Amino acid sequence: AKQQGRNTYQWFASDLNVEANERVELRNDLQRALEQEQLEVFYQPMVESRTGKIRGSEALIRWHHPVRGLMSPIQFIPLAEDTGQIIELGRWVLQQACRDAVRLLGLGYRDHRISVNVSPVQLRQAGFVDLVTETLRQTGLAPELLDLEIVESAILYDTEQVVDRLRKLRELGVGIAIDDFGTGFSSLSYLKIMPVTKIKIDRAFIKDVISNRSDAAITQGILSMAHHLSLDVVAEGVETNAHAAFLRKNNCQLLQGYLFARPMPFQNMLEFLTTQAVA
Ligand code: C2E
Ligand code: CA
Ligand code: CA
Ligand code: CA
């Protein structure tokens, strides 16, 4: 048993080593990625459920890794948050997304909103409001066309400062969307202190909304609450016509998911938009 225990320990230790080396390597690679323009912002449209019109899109980062190929943000965002690289990365995404939004405006998409994901680590920076203000000024994007997507856990630490920053952003005219709504804890009490304009229902509830009675009830509950609070709602992970029909019937204003489009490069997004009538 002792021998076995030691083997187990060795396995575990070498696993940890592999993981640590891998993280060091990825961290160095990510530094290079920021310098060598290996990052790209993809966009996924948000569709108005009643009309089918595209009302906005979410900016989602991608990394064209020279060896690993196209990398999903779930493979490197948590690491970037640990190393602090998320600050530079987040600044870059915000700027790129605002620039692209201005290009859309110039092409006549006058009320296309852009959603940008903001990490809790970014929100804990004292300079975050200045960064947003400066980026809007530099790019010339109207604050009313920008939504910042934040997760509920963003106000777990430094609550007062973070909430204060969110208020200042709201005063600028920027929208605040709660991402992955319903998956964090105490969603409802957070809603009272966060200056929120939009809720994004997590795809965990949408996935089985047709077959699972509690998912359906939770989704309907979130929608009803959001309407009473005059908040906009987006359903994430809309993959089937049945999902869309259920959400439309329950007055979910905006839909996002593979049913309409996967996240895509800006150029493809432009082509996708031209297949739609300009709103
Ligand atoms: P998220 O903010 O919840 O973004 C939605 C994710 O769901 C995206 O994954 C999107 O591609 C995926 N998705 C959209 N529609 C569907 C669908 O119908 N079915 C399924 N199964 N998935 C769908 P993605 O692009 O891999 O991003 C993963 C997460 O990485 C994001 O989750 C977000 O938390 C984070 N992330 C992405 N870009 C950024 C960024 O620029 N900054 C920060 N801080 N985080 C980012
Ligand atoms: Ca998001
Ligand atoms: Ca989400
Ligand atoms: Ca998510």
Side-chain angles (χ1 to χ4, degrees), residues 30 33-34 38-47 56-65 69-101 113-125 128 131-132 135 146-154 175-184 187 196 198-210 222 232-244 246-247 252 254-266 268-269 272:
L30 189 53
L34 284 159
Q38 295 169 8
L39 301 174
E40 182 176 6
V41 180
F42 275 28
Y43 294 93
Q44 186 180 34
M46 293 181 210
V47 173
S57 50
E58 178 176 4
L60 294 156
I61 196 167
R62 296 291 182 269
W63 179 5
H64 300 278
H65 191 285
L70 188 67
M71 278 178 80
S72 147
I74 41 177
Q75 295 172 277
F76 61 89
I77 291 281
L79 175 79
E81 291 180 324
D82 287 351
T83 62
Q85 288 167 309
I86 190 72
I87 301 299
E88 200 180 333
L89 195 151
R91 191 189 305 141
W92 181 82
V93 172
L94 181 68
Q95 188 169 57
Q96 191 59 47
C98 289
R99 277 198 202 130
D100 287 342
R113 307 181 61 84
I114 291 279
S115 262
V116 177
N117 291 285
V118 175
S119 158
V121 178
Q122 288 175 278
L123 276 173
R124 264 184 262 137
Q125 300 271 308
F128 185 69
L131 172 72
V132 175
T135 307
L146 178 65
D147 281 329
L148 298 178
E149 298 196 1
I150 63 175
V151 288
E152 290 156 84
S153 63
I176 306 291
I178 304 205
D179 209 350
D180 303 345
F181 188 81
T183 59
S187 322
V196 172
K198 190 182 261 180
I199 283 174
K200 299 192 73 173
I201 307 179
D202 195 79
R203 85 163 169 270
F205 300 113
I206 307 303
K207 198 164 72 74
D208 299 319
V209 78
I210 304 302
I222 294 174
D232 294 334
V233 188
V234 186
E236 302 186 310
V238 179
E239 293 188 352
T240 66
N241 281 313
H243 288 159
F246 175 90
L247 291 159
C252 182
L254 294 164
L255 312 176
Q256 179 180 357
Y258 294 169
L259 175 64
F260 307 100
R262 291 186 178 244
M264 56 191 136
F266 183 69
N268 299 44
M269 173 77 175
F272 189 78

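Just follow the structure's listing: the first ligand is 1, and inside any ligand the first atom is 1. None of the values given here were measured: they were computed from a predicted structure. Values reported hereafter were calculated over all heavy atoms of this structure, with side chains retained and with hydrogens, waters and symmetry mates removed.
- At a 3.5 angstrom cut-off on N or O pairs, Ile61 counts as close to ligand 1.
- Annotation for ligand 1: atoms under 4.0 Å from non-hydrogen atoms of Pro73 are 24 (P), 25 (O), 26 (O), 27 (O), 28 (C), 30 (O), 36 (N), 37 (C).
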* To do: For Ile114 and Asp100, run side chain to side chain contact (heavy atoms under 4.5 Å, CB included): C-alpha distance rounded to whole Å, both residues' side-chain angles, the deciding distance at 0.1 Å, then the answer.
  => CA-CA 9 Å; Ile114 291 279; Asp100 287 342; 5.6 Å; no

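- Between His243 and Ile206, the shortest heavy-atom contact is NE2-O, 3.2 Å.
- The distance from the Ca ion (ligand 3) to the nearest N/O/S atom of Glu149 is not under 3.0 Å.
- Taking only nitrogen or oxygen atoms, main chain and side chain alike, Glu149 does not reach within less than 3.5 Å of ligand 1.
- Glu58 contributes OE2 as its N, O or S atom closest to the Ca ion (ligand 2).
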* To do: Just do the side chain to side chain contact (heavy atoms under 4.5 Å, CB included) check on Trp92 and Val41 with the steps written out, would you?
  => CA-CA 10 Å; Trp92 181 82; Val41 180; 3.7 Å; yes

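- Both the backbone and the side chain of Leu60 come within contact range of ligand 1, each with a heavy atom under 4.0 Å.
- Within the 4.0 Å heavy-atom criterion, neither part of Val151 lies near ligand 1.
- Remark: side-chain polar atoms of His64 are not paired, donor with acceptor, to backbone N or O of Glu40 under 3.5 angstrom.
- Residue Arg62 places a heavy atom less than 4.0 Å from ligand 1.
- Taking backbone and side chain together, Ser115 holds no N, O or S atom under 3.0 Å from the Ca ion (ligand 2).
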* Go through the steps for Gln44 and Tyr258 under the test side chain to side chain contact (heavy atoms under 4.5 Å, CB included), then give the verdict. => CA-CA 9 Å; Gln44 186 180 34; Tyr258 294 169; 4.0 Å; yes

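- Residue contact check: Gln44 has heavy atoms under 4.0 Å from atoms 14 (C), 15 (N) of ligand 1.
- The shortest side-chain heavy-atom distance between Leu30 and Trp63 falls under the 4.5 Å cut-off.
- Taking backbone and side-chain atoms together, Asp179 has an N/O/S atom less than 3.0 Å away from the Ca ion (ligand 3).
- In this structure, Glu81 and Pro120 approach most closely via the heavy-atom pair OE2-CD, 3.9 Å.
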* Could you go through the side chain to side chain contact (heavy atoms under 4.5 Å, CB included) check for Asn117 and Ile77 one step at a time? => CA-CA 11 Å; Asn117 291 285; Ile77 291 281; over 6 Å; no

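- Listed by number with element, the atoms of ligand 1 under 4.0 Å from a non-hydrogen atom of Glu236 are 3 (O).
- With atom 26 (O) of ligand 1 as the reference point, the heavy atom nearest to it among Ala261, Pro263, Pro78, Ser72 is part of Ser72.
- Looking at Pro45 and Met264, their side chains come closer than 4.5 Å, going by heavy atoms from C-beta outward.
- Within Asp180, the N, O or S atom lying nearest to the Ca ion (ligand 3) carries the name OD1.
- One finds the CE atom of Met71 at 11.5 Å from the CZ atom of Arg62 (value rounded to the nearest 0.5 Å).
- On a distance-only criterion, Gln122 and ligand 1 share no N/O pair closer than 3.5 Å.
- Between Asp180 and Glu149 there is no side-chain heavy-atom pair separated by less than 4.5 Å.
- Here the side chain of Glu236 pairs no donor or acceptor atom with the backbone of Gln256 at under 3.5 angstrom.
- Counting only heavy atoms from C-beta outward, the side chains of Leu146 and Thr135 never approach each other to under 4.5 Å.
- Under 4.0 angstrom from ligand 1, the non-hydrogen atoms of Asp180 all belong to its side chain.
- Below 4.0 Å from some heavy atom of Glu58 lie the following atoms of ligand 1, by number and element: 2 (O), 4 (O).
- Residue Gln256 has no N or O atom closer than 3.5 Å to an N or O atom of ligand 1.
- No side-chain heavy atom of Gln125 sits less than 4.5 Å from a side-chain heavy atom of Arg91.
- Against a heavy-atom cut-off of under 4.0 Å, Gly257 is close to the following atoms of ligand 1: 15 (N), 18 (O).
- For Asn117, heavy-atom contacts with ligand 1 shorter than 4.0 Å involve the backbone as well as the side chain.
- The N, O or S atom of Glu236 lying closest to the Ca ion (ligand 3) is OE2.
- Taking any N or O of Tyr258, backbone or side chain, at least one lies under 3.5 Å from an N or O belonging to ligand 1.
- Interface of Glu239 with ligand 1, defined as ligand atoms under 4.0 Å from a residue heavy atom, comprises 17 (C), 18 (O), 19 (N), 20 (C), 21 (N).
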